[in-house]
Amino acid sequence: MASSNPGETGGVSAQDYVHALTPIMAAVTEQIDGPIQQAADLMTKALRADGVIQAFGSGHSEALAMEIAGRAGGLIATNRIALRDLVLLGGESIEVLRGGELERDPSIARRLYDLAEPHPEDLFVIASNSGVNGSIVEFAGVVKEKGHPLIAITSLQHTGGMDSRHPSGKKLIDLADVVLDNHAPYGDSVLDLPAGGGKVCAVSSITAALIAQMLVAEVLRRLTDAGETPPVYLSANIPGGDEHNHALEARYAGRIRRTA
């Protein structure tokens, strides 16, 4: 039976989770008047220059890339970069995806960048809760080397408690033009199991989705306030959705990929 006073018992229940999550979500929204505006300015500038928003996250942080690129109500000019691009687009064996170590390998970053075939005016959004893994840091380094604006979405608490796993000693936050804090705690999870059984129930995917939608909303506000008609997705599961979306996608043919 769930507690009638969520969070007060230190238990594990839906109510306890929501009780723990609510102030975290509130803290995320406090960025609206600061870094959210800075990031939206960069994104709007890129779109007006015919750029594409390139989104990348490995592991569960790929959820952020999926939230930005190719979903109903979102921007057309978006592309999702994923580790499996090495197989789907790069001809690598599927064996490279087995195990969980690939995201720690800096050597794959430049290959992922090249497979995306970005244009100079493109902007990158990179999500990583820890912000320290080799592929993420190396990828961010390549992005900046090529002169692109970079927005990072990470947990400042978690990354602050970790050493970098990249040979340079740098972290994602050291390379970004704008850093957005997902406010996930160290280790990501928020509830304690009894008798020291560890932490459970993560939050970073939820807070990253909130950040992504706040960014989209602010970009669309800028475009519509200026009298521009932003190209946005309709749901593919409503009449006319496919026709609407495919017509707008044609403008970015070869630059935005919609893989499974």
Going by the salt bridge (Lys or Arg N to Asp or Glu O under 4.0 Å) test, which pairs reach into residues 123-135, not counting sequence neighbours?
-> none
Glu228: side-chain contact (heavy atoms from CB on, under 4.5 Å) partners, not counting sequence neighbours | Arg48, Leu223, Ala226
Might you confirm whether atom CD1 of Ile238 has over 12 heavy atoms from other residues, nucleotides or ligands at distances under 6.0 Å?
-> yes
Would you check if the distance from the ring center of His148 to the ring center of Tyr113 is below 6.0 Å?
-> yes
Between Met43 and Ile151, is any pair of side-chain heavy atoms under 4.5 Å apart?
-> yes
Point-to-point distance, once rounded to the nearest 0.5 Å, from OH of Tyr17 to CD1 of Ile206 = 3.0 Å
Heavy-atom count around Asp163 CG within 6.0 Å, excluding the residue itself: above 12?
-> no
Phe56 ring center near Phe124 ring center (under 6.0 Å) = no
SB check Arg255 Asp50 (cutoff 4.0 Å) | yes
Could you walk me through whether Glu62 and Arg84 pass salt bridge (charged side-chain N to carboxylate O under 4.0 Å, His left out), step by step?
-> CA-CA 11 Å; Glu62 188 183 345; Arg84 60 183 169 278; 2.7 Å; yes
Exceeds 12 heavy-atom contacts within 6.0 angstrom, atom NE2 of His60 | no
For the pair Arg257 and Glu117, find out whether any cationic side-chain nitrogen is under 4.0 Å from an anionic carboxylate oxygen.
-> yes
Lys/Arg N to Asp/Glu carboxylate O, Asp85 vs Arg111, below 4.0 Å | no
